[in-house]
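Naming convention: chains lettered A, B, ... in sequence-line order (proteins, then strands); numbering from 1 in each chain. Fair warning: this is a prediction, and the values are worked out from it, not measured in the lab.
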Protein chains: 4
Amino acid sequence: MAYKRNVILRAAEQLIADEGLHNLSMQKLATTAQVAAGTIYRYFTDKEALISELRKDVLKNVAEFVFSGFTQESVEAQFTHLWFNFLKLGSNRNSNQLNYQQYSQLPGIESDEHRAFEQNTFEPLLTMFKQGQQQGLITDLEDEYLFSIGFEPAIALGHRISEGHLEYNDSELLVVCKRCWSAISTSFSDS
Amino acid sequence: MAYKRNVILRAAEQLIADEGLHNLSMQKLATTAQVAAGTIYRYFTDKEALISELRKDVLKNVAEFVFSGFTQESVEAQFTHLWFNFLKLGSNRNSNQLNYQQYSQLPGIESDEHRAFEQNTFEPLLTMFKQGQQQGLITDLEDEYLFSIGFEPAIALGHRISEGHLEYNDSELLVVCKRCWSAISTSFSDS
Amino acid sequence: MAYKRNVILRAAEQLIADEGLHNLSMQKLATTAQVAAGTIYRYFTDKEALISELRKDVLKNVAEFVFSGFTQESVEAQFTHLWFNFLKLGSNRNSNQLNYQQYSQLPGIESDEHRAFEQNTFEPLLTMFKQGQQQGLITDLEDEYLFSIGFEPAIALGHRISEGHLEYNDSELLVVCKRCWSAISTSFSDS
Amino acid sequence: MAYKRNVILRAAEQLIADEGLHNLSMQKLATTAQVAAGTIYRYFTDKEALISELRKDVLKNVAEFVFSGFTQESVEAQFTHLWFNFLKLGSNRNSNQLNYQQYSQLPGIESDEHRAFEQNTFEPLLTMFKQGQQQGLITDLEDEYLFSIGFEPAIALGHRISEGHLEYNDSELLVVCKRCWSAISTSFSDS
DNA sequence: TATGAATGAGAGTTCATTCAT
DNA sequence: TATGAATGAACTCTCATTCAT
């Protein structure tokens, strides 16, 4: 019954969300997951492997969340949809789930293996950029630039909201979203 | 001789920059700083306090770096100047100094005390926003929104550069910077 | 199907010969023997019992080896035959069989039960001593003394050879063997 | 105060003598030595290093014991003296001291470093062999052979005595010793 | 009989912190 | 004020053993 593997991963996610990665001990994890310490090692070689697996697992959930309700609307509608999903992802204070900030701090997230996995998972986003460029709506910059200009503000704002330093305000956020869209669109020419 | 306090902080910064926060042990710190282990505790209550102090100390240096060469030019020139400083801050790989990513991962960075300290330190930035708004150049949004739209892309790009995942290209970056400026400016109206 | 008992013992012997007693884990043993971990416990109460059984089992094989080719020659010829078998036993580096050194390090080898078993197994040797004494060839000392003087040098030399610290030289060894025989024989009188 | 190093080594020796090497745990050692677990690691890199150091330390004591009272008598007198010291060494049941059997089972005892140390320590013995050969008393065989024939019986008998399987009997043992001496001496010619 | 997932005590080791000097 | 030897709780991980299937 490999469902215990999942139980352990969910417990790890919750513990990291609650107390931070550097407070994650295998004993605490075992207790939280309601398994014996040794059981963890049936499913994961060691702590590092556990975190590595958690990374992929969380990324899958993150991608699922970000692309939830993603349909073939107009490119701008797609952008807006994703933008608010990134915002919500960051602002999520669900105590048993990692928010984006915590996710991005998992060590090894910069490994080549993970990067490839990430790239693959977020392909729909790149497809959207390409569509927008083909339709003459989005400016001809590399994906990294477009993502930074377009979505990093949403992630950062989400983070601020989750920390309680910003009131959630739909109409203002919509304005911000539109400005992000404009910033990557061809609606004004680069001087 | 309280100069030892500074010796210890500098040693801590270097060790974290080199080997990461989770590899910082008080023994290693003592050795690197060339003091006895017990001596550290004459200047800092415990490890947590040490890191908290380091946080403030580094923030001071970060602010100094960001605002270096900051003069009373036009608001757009000021913005551009800051934008590239944020970019460089993130991309800094100087081995005996924390880069922005490492800085932002110091635990406790989200405490109210620290936030107040940060707000105070970055006041010149808020002043610039106010100036721009008074001159009718920057749109009337709250500071958090302006910062997110304007500068988070720079920080994120800096991070990507430091990880080696982005080719550095000055002319492209200037285009990106201008788009960020446009995104917070009044040059296009919110629909 | 109690043949599994033997499969397990053989796997244990090989593992100990290869990696030493202190590296013998029940998991590894199960894997090597191609049985489930729990199966071992159907044949052996616990690890200690397993080793105890292995001890007897190996002793049987050891005795078989020592007494192989043992015929009713002259007593001195019998002695020489046994002497070189003890030597070979110690120097044996066959990887899936315990050598004498490894055998003698099995814990519990000094138990009374084992000692009785050993005594019984090595009876032919004692018979040889008695024969020699009846024929007036071997001096009237207790068996322990005769064994120590006569055969311990062979065992020790075997050990040195197996460790690679002694050049193997047949003619020299024959001289040594003869001196051991002389040392227990009546060929010189005790002063 | 590095005297704790010695306290730890003595405690380790006692524990191994009492319960065997494979039952030596660092916790038990700490308790027996009356130091904290961490303290052991101030003096020894890890468990392996501790045992390696113990090996050298015990060898020093062993040599001291074997060569105690060793004077410039006749070669045969020297031999007899050493022979009984080897016997006593093996038969030693002093509970807080390793006997020869336990000593020889310490892992790494076959390392080149240790072998050189051992050779050096037992030099007086080799000198005795050489003297005997120069005086025409001891036969021309290599040291390893002479040692095996001459002293291994003493060690083995000592071991048997310590296990309680042999009564200590001075006059009989003297006979055995003389036979060992004869076995390496020129008093009878190799046929 | 046989399985192998699960157990949990205990292993070796680290490290923040203390305190006699 | 400064030292650094000593502490011991807590860490990651192993492994002999059990038991529901």
Side-chain angles (χ1 to χ4, degrees), chain A residues 1-5 7-8 22-31 33-51, chain B residues 1-2 4-5 8 22-31 33-51, chain C residues 1-2 4-5 8 22-31 33-51, chain D residues 1-5 7-8 22-31 33-51:
Chain A
M1 296 179 219
Y3 84 96
K4 291 224 170 179
R5 200 192 116 97
V7 169
I8 292 166
H22 65 281
N23 286 317
L24 178 70
S25 90
M26 299 305 262
Q27 282 301 344
K28 253 194 278 187
L29 176 54
T31 305
Q34 304 201 62
V35 299
T39 302
I40 300 172
Y41 291 86
R42 288 199 66 76
Y43 297 99
F44 306 97
T45 307
D46 54 20
K47 195 182 187 181
E48 199 190 332
L50 168 76
I51 291 170
Chain B
M1 300 178 219
K4 289 213 172 178
R5 200 191 114 99
I8 292 166
H22 65 282
N23 286 318
L24 179 70
S25 88
M26 299 304 262
Q27 291 296 350
K28 247 193 280 185
L29 176 54
T31 305
Q34 305 200 59
V35 299
T39 303
I40 299 173
Y41 290 84
R42 300 207 73 79
Y43 297 100
F44 305 96
T45 308
D46 55 20
K47 195 182 188 183
E48 203 191 330
L50 168 77
I51 290 170
Chain C
M1 300 178 218
K4 289 212 173 180
R5 199 191 114 98
I8 293 167
H22 65 283
N23 286 318
L24 178 71
S25 88
M26 298 304 262
Q27 293 295 351
K28 246 191 282 185
L29 176 54
T31 306
Q34 305 201 60
V35 299
T39 303
I40 299 173
Y41 290 84
R42 301 208 72 78
Y43 297 99
F44 306 96
T45 310
D46 54 20
K47 195 183 187 182
E48 202 190 330
L50 168 76
I51 290 170
Chain D
M1 295 179 221
Y3 84 96
K4 290 224 171 179
R5 199 191 117 98
V7 169
I8 293 166
H22 65 281
N23 286 317
L24 178 70
S25 91
M26 299 305 261
Q27 282 300 344
K28 253 193 276 186
L29 175 54
T31 305
Q34 304 201 64
V35 299
T39 302
I40 299 172
Y41 291 85
R42 288 199 67 75
Y43 297 100
F44 306 97
T45 307
D46 54 20
K47 195 183 187 180
E48 199 190 332
L50 168 76
I51 290 170

For the pair made of [atom1] in [X] and [atom2] in [N], what is the distance, rounded to whole Å?
{"X": "Lys28(A)", "N": "dA10(F)", "atom1": "NZ", "atom2": "C1'", "value": "10 Å"}
{"X": "Met26(B)", "N": "dT18(E)", "atom1": "CE", "atom2": "P", "value": "10 Å"}
{"X": "Leu29(D)", "N": "dT13(E)", "atom1": "CG", "atom2": "P", "value": "12 Å"}
{"X": "Gln34(A)", "N": "dT7(E)", "atom1": "CD", "atom2": "C1'", "value": "15 Å"}
{"X": "Asn23(D)", "N": "dG10(E)", "atom1": "CG", "atom2": "P", "value": "13 Å"}
{"X": "Tyr41(D)", "N": "dT13(E)", "atom1": "OH", "atom2": "P", "value": "4 Å"}

5'-most by nearest nucleotide on DNA chain F - Ile40(D) or Lys47(A):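 Taking each residue's closest nucleotide, the earlier one in sequence belongs to Ile40(D).
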5' priority, DNA chain F, between Arg42(B) and Thr39(A) [closest heavy atom]: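 The answer here is Arg42(B).
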Presence of Tyr43(D) side-chain N/O under 4.0 Å of dA6(F) phosphate oxygens OP1/OP2: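 It does, given that an N or O in the side chain of Tyr43(D) lies less than 4.0 Å from OP1 or OP2 of dA6(F).
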dA10(F) OP1/OP2 closer than 4.0 Å to side-chain N/O of Ser25(A):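 It does not, given that no N or O in the side chain of Ser25(A) lies less than 4.0 Å from OP1 or OP2 of dA10(F).
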Pairing string, 5' to 3', for DNA chain F - Watson-Crick or wobble contacts under 3.5 Å, brackets [ ] where pairs cross, | to another strand: .||||||||||||||||||||
Nearest-angstrom distance, P atom, dT1(E) to dT21(F):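 Result for the P pair: 22 Å, nearest Å.
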Touch class at under 4.0 angstrom, heavy-atom based, for Leu24(C) against every strand present: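 Sugar-phosphate, backbone atoms only, no base.
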Side-chain heavy-atom pair Lys47(D), Leu29(D) within 4.5 angstrom cut-off: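 No, their side chains stay 4.5 Å or more apart.
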Nearest-nucleotide pick for Ala37(D), side chain only, options being dT17(E), dA9(F), dC13(F):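 Among the listed nucleotides, the one closest to the side chain of Ala37(D) is dA9(F).
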Minimum-distance nucleotide to Gln27(C) side chain [options: dT3(F), dC13(F), dT17(F)]: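 Closest nucleotide to the Gln27(C) side chain: dT17(F).
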Which atom of Tyr41(B) lies closest to which atom of Asp46(B), heavy atoms considered: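 Shortest heavy-atom separation between Tyr41(B) and Asp46(B) comes out as CE2-CA, 4.0 Å.
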